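Read through the structure below, which is laid out as structure tokens, and then see the notes.
Counting starts at 1 for both ligands and their atoms, following the listed order. All values reported here derive from a predicted model rather than from experimental measurement.
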Amino acid sequence: MAVDAQPNDTGEAVGVETHCYIDAERGADDQSADGSDIRPFRTLAYAYIQNIDTPIKRYLVGAPNDIPESPAQPVWKEPTKTAVKKAQGILNKHKEKLEKQRAIEEEQQKQRLETLQQAKSIIVKEDSSLPIAVKITIGNKNVELGSGEKKGTRVKVCGRIHRLRVQKHATFITLVDGYGQLQCVLAAGNLTKSYDALLFAQGTSLAMYGETRTVPEGHNAPDGRELWVDYYKVIGHAPSDRDALTNRVSASQNQWDAIMLDNRHLVLRGNTASSVMKVRASVELAFVQAFDKMSFTKVSPPALVQGQVEGGATLFKVPYYHEHAYLTQSSQLYLETVLPSLGNVFCIEKSFRAEKSLTRRHLAEFTHLEAELDFIEFPDLLDHLEEIICTVVDTILADKEISGFIYALNPSFQKPSRPFLRMRYSDAIDWLNAQDPPILNEHDKLHVFGDDVAEAAERKIADTLNRPILLTHFPADLKAFYMKKDPDDSRLTESVDLLLPGVGEIVGASMRIESYEELLEAYARNDLPPEDYYWYTDQRKYGTSPHGGYGLGLERFIAWLAGQHTVRTCCLYPRFMGRCKP
Ligand code: 4AD
């Protein structure tokens with residue numbers, strides 16, 4: 001529809017729709033059209049129906065023109081009287097239909113309110129002759145299940161309605177509490193006719209009382225059990241109308257869509273998001289246990305810092321009293337400072353990067369698992385990386401519940417086979433050029449030594465070779481200031497990225513410059529003021545050591561493990577360019 005700018009009472013220009021276009025040839029009577037001359041409707045009747053509540057000044061119908069240069073361009077004319085009459089007839093019928101529908105809905109609503117009113121007289125009471133209910137969480141599997149004549153334990157379980165199935169003889173509710181799912185059976189009768197029962201909706205929180213029983217043969221329920229409800233108390237209702245949970249979020253929509261991210265707090269109640277979060281929690285725990293076994297000490301470096309670690313372009317600057325500070329990009333430099341007193345160390349902290357691009361593997365705030373190892377050589381760092389990744393994967397797969405989540409989320413998940421492929425940067429360049437067709441660099445040319453291996457190329461390597469790859473010996477010019485040079489080729493660094501199929505790089509690691517003088521040269525080359533890094537330089541002044549470490553992006557690791565399309569669904573509330581809510 002064409003829009004004229006007209007001033008309103010306050011003198012501001014507001015849009016008033018004036019024209020609606022119809023073109024039998026080019027138009028469409030569906031959502032792809034909007035009645036503009038670019039996207040006209042197909043029929044006049046459809047245009048009237050679309051504007052049922054909008055006063056339109058003029059309807060214009062496309063007719064073939066006789067301009068030879070632009071035959072596809074229609075001329076816009078007033079509709080004929082016959083066409084208007086016909087369309088008006090269809091519109092009137094449509095209005096009658098709407099009126100009938102409205103009356104039916106009103107009647108249904110009236111009946112519903114009457115039923116609800118009557119339901120208030122149905123009182124659900126706890127039978128005091130029954131055994132006292134034992135309070136349990138759904139995760140508690142140590143309760144006696146009844147079967148046949150044998151009675152099961154009478155329990156009280158608090159949770160929320162996850163699914164609701166009303167059948168003639170019973171209502172089936174899947175109750176969730178964060179520890180599992182429990183099928184609750186409410187036999188038809190007062191239990192299903194009460195006011196509260198009629199308002200049951202997804203999200204309603206309640207306490208259910210009843211006997212736990214083995215699910216009858218030929219039927220399925222989580223953990224093979226169900227609760228035969230004899231009493232319940234609603235704790236908090238949830239809307240069952242237009243505002244129902246099911247109308248706000250849906251399992252069939254991509255969880256990384258904007259609306260789903262706006263409603264992330266509700267999405268997190270779903271099976272997929274909550275199992276990703278459970279997997280994530282167990283991964284963190286498995287890393288902590290693995291580090292503990294390896295005698296690493298956990299530390300907690302600051303988030304507010306004054307220097308860059310990974311280049312100035314992605315620093316978030318924040319006001320800090322009468323000066324400014326940055327949100328940390330990496331805790332690495334702080335980890336290095338405690339090696340002399342604590343030995344090998346690690347941390348799991350947030351890192352922040354003001355990434356300007358919107359990729360599926362970049363966040364502005366991510367969880368960074370970082371470790372630093374003292375008195376090691378480069379091959380030790382590679383061995384350690386392989387060892388810790390495999391240990392963590394073994395630990396979580398050994399947990400039945402977590403491996404259940406992983407295979408449900410990512411049915412084709414394969415545990416990485418050892419040893420990991422080790423490939424030098426220069427061999428990766430040759431590999432990219434040897435593909436048919438070759439995988440080109442960011443300037444659409446063959447890769448040459450010194451080129452960055454861009455995200456797409458890196459993923460191609462990981463996906464094609466389909467196994468973890470330790471990509472080593474990057475040119476010094478591509479890497480951060482602190483990386484130690486390769487003693488055999490000073491153009492290169494003792495650096496390594498771990499690539500995994502599906503996500504690409506999940507770990508960035510290197511040996512660190514050991515020499516005091518070399519570090520000062522590195523500051524100079526990278527325009528870093530040495531006085532800001534005095535505390536880091538002192539590491540080299542007071543008893544330096546060969547040491548190295550790494551950072552692992554936890555969300556990328558989870559994306560790989562749980563088969564997630566993007567890191568955005570691997571954290572509780574993702575932060576990236578343009579999103580800082582909820
Ligand atoms: O390769 P990066 O930048 O290395 C460092 O920060 C080192 N100082 C770490 C260290 O040695 N202690 O980052 C390490 C890992 C990447 O491999 C990636 O998995 C993750 O951190 N990462 C991100 N994850 C999500 N969003 C971002 N914007 C990320 N930037 C890095």
Side-chain angles (χ1 to χ4, degrees), residues 280 283 287 291 296 299 301 305 307-316 326-339 344-374 376 378 381-382 384-385 388-389 452-453 455 458-459 462 468-472 474 478-484 493-500 502-513 526 533 536 547-561 564 566-571 574-577 579:
R280 184 185 156 117
V283 166
F287 267 111
F291 280 125
F296 281 54
V299 293
V305 299
Q308 55 151 289
V309 189
E310 299 296 328
T314 59
L315 278 174
F316 275 113
Y326 302 110
L327 297 181
T328 189
Q329 295 172 308
S330 156
S331 298
Q332 174 202 323
L333 308 191
Y334 291 101
L335 291 185
E336 287 182 56
T337 64
V338 285
L339 287 175
N344 294 346
V345 283
F346 77 103
C347 67
I348 305 177
E349 298 286 341
K350 293 294 176 73
S351 282
F352 302 87
R353 308 271 169 106
E355 304 282 357
K356 307 283 183 326
S357 55
L358 291 166
T359 79
R360 61 191 175 100
R361 59 177 206 170
H362 284 97
L363 294 164
E365 175 188 301
F366 68 98
T367 305
H368 210 169
L369 186 143
E370 296 182 272
E372 209 57 34
L373 293 78
D374 207 5
I376 56 160
F378 188 43
L381 182 60
L382 303 185
H384 165 86
L385 277 171
I388 193 140
I389 296 288
D452 204 359
V453 180
E455 191 174 324
E458 182 192 278
R459 267 222 303 275
I469 300 158
L470 290 163
L471 193 55
T472 64
F474 287 86
L478 293 180
K479 287 291 184 182
F481 76 93
Y482 52 75
M483 291 195 182
K484 182 176 170 176
T493 49
E494 285 190 325
S495 55
V496 52
D497 284 355
L498 173 61
L499 315 184
L500 291 180
V503 285
E505 181 203 327
I506 63 147
V507 171
S510 79
M511 295 298 288
R512 320 304 191 189
I513 291 176
N526 289 275
Y533 293 87
Y536 185 62
H547 67 284
Y550 58 94
L552 174 145
L554 197 72
E555 289 80 9
R556 291 192 189 175
F557 188 68
I558 305 297
W560 167 73
L561 205 57
Q564 296 296 290
T566 162
V567 289
R568 293 177 188 180
T569 57
C570 298
C571 41
R575 298 290 181 250
F576 52 90
M577 189 169 67
R579 177 163 295 274

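Contact annotation for Arg361 and ligand 1: only backbone heavy atoms (N, CA, C, O) come within less than 4.0 Å of the ligand. With a 4.0 Å cut-off on non-hydrogen atoms, Val507 touches ligand 1 through its backbone and not its side chain. Only side-chain heavy atoms of Phe366 come within less than 4.0 Å of ligand 1; its backbone N, CA, C and O stay farther off. Only side-chain heavy atoms of Tyr482 come within less than 4.0 Å of ligand 1; its backbone N, CA, C and O stay farther off.
Using modelled atom types, no side-chain atom of Thr472 and backbone atom of Val496 make a donor-acceptor pair closer than 3.5 Å. A donor-acceptor pair under 3.5 Å links the side-chain atoms of Thr566 to the main chain of Arg568, judged by distance alone.
Distances from atom 10 (C) of ligand 1 to the heavy atoms of Phe576, Phe557, Tyr334, Tyr550 put Tyr550 nearest.
For ligand 1, the polar-atom distance check finds an N/O of Gly553 within less than 3.5 Å of one of the ligand's N/O atoms. Below 3.5 Å of separation, one finds an N or O of Ser330 facing an N or O of ligand 1. Looking at ligand 1, you'll find an N or O of Glu310 within less than 3.5 Å of one of its N or O atoms.
Contact record, Cys571 with Leu363: SG-CD1, 4.0 Å, taken as the closest heavy-atom pair.
Ring-plane geometry between Tyr550 and Phe291 is classed as parallel, the angle between the planes falling under 30 degrees on a 0 to 90 degree scale with a further cut at 60. Relative ring orientation between Tyr536 and Tyr533 is described as perpendicular, the plane-to-plane angle rising above 60° on a 0-90° scale split at 30° and 60°.
A salt bridge links Asp497 and Lys479; the closest N-O separation between the charged side-chain nitrogens and carboxylate oxygens is under 4.0 Å. Using a 4.0 Å cut-off between charged side-chain N and carboxylate O, Arg280 and Glu555 make a salt bridge. Between Glu455 and Arg361 there is a salt bridge, since a side-chain N of the basic residue sits under 4.0 Å from a carboxylate O of the acidic one.
The protein atom (non-hydrogen) at minimum distance from atom 18 (C) of ligand 1 is Arg556 NH1, 3.5 Å. Among all non-hydrogen protein atoms, the one lying nearest atom 11 (O) of ligand 1 is Arg512 NH2, 2.9 Å. Here the protein heavy atom with the shortest distance to atom 6 (O) of ligand 1 is Arg353 NH2, 2.8 Å. Nearest protein neighbour of atom 19 (O) of ligand 1, counting heavy atoms only, is Ile506 O, 2.8 Å. At the top of the distance list for atom 15 (C) of ligand 1, counting protein heavy atoms only, stands Gly551 O, 3.5 Å. For atom 12 (N) of ligand 1, the closest non-hydrogen atom of the protein is Glu370 OE2, 2.7 Å.
Remark: ligand 1 atoms within the under-4.0 Å shell around heavy atoms of Leu363 are 25 (C), 26 (N), 27 (C), 28 (N). Short contacts between ligand 1 and Glu355, defined as distances under 4.0 Å to a heavy atom of the residue, involve ligand atoms 28 (N). Counting the atoms of ligand 1 from 1 in the order shown, those under 4.0 Å from a heavy atom of Glu505 are 1 (O), 16 (C), 17 (O), 19 (O).
A donor and an acceptor atom, one from each side chain of Glu349 and Ser331, are nowhere located under 3.5 Å apart. For the residue pair Glu372 and Tyr334, no side-chain donor N or O sits within less than 3.5 Å of a side-chain acceptor on the partner. Judged by distance alone, the side chains of Arg353 and Ser351 never bring a donor and an acceptor atom under 3.5 Å apart.
Not close to ligand 1: Glu555, with no non-hydrogen atom less than 4.0 angstrom away.
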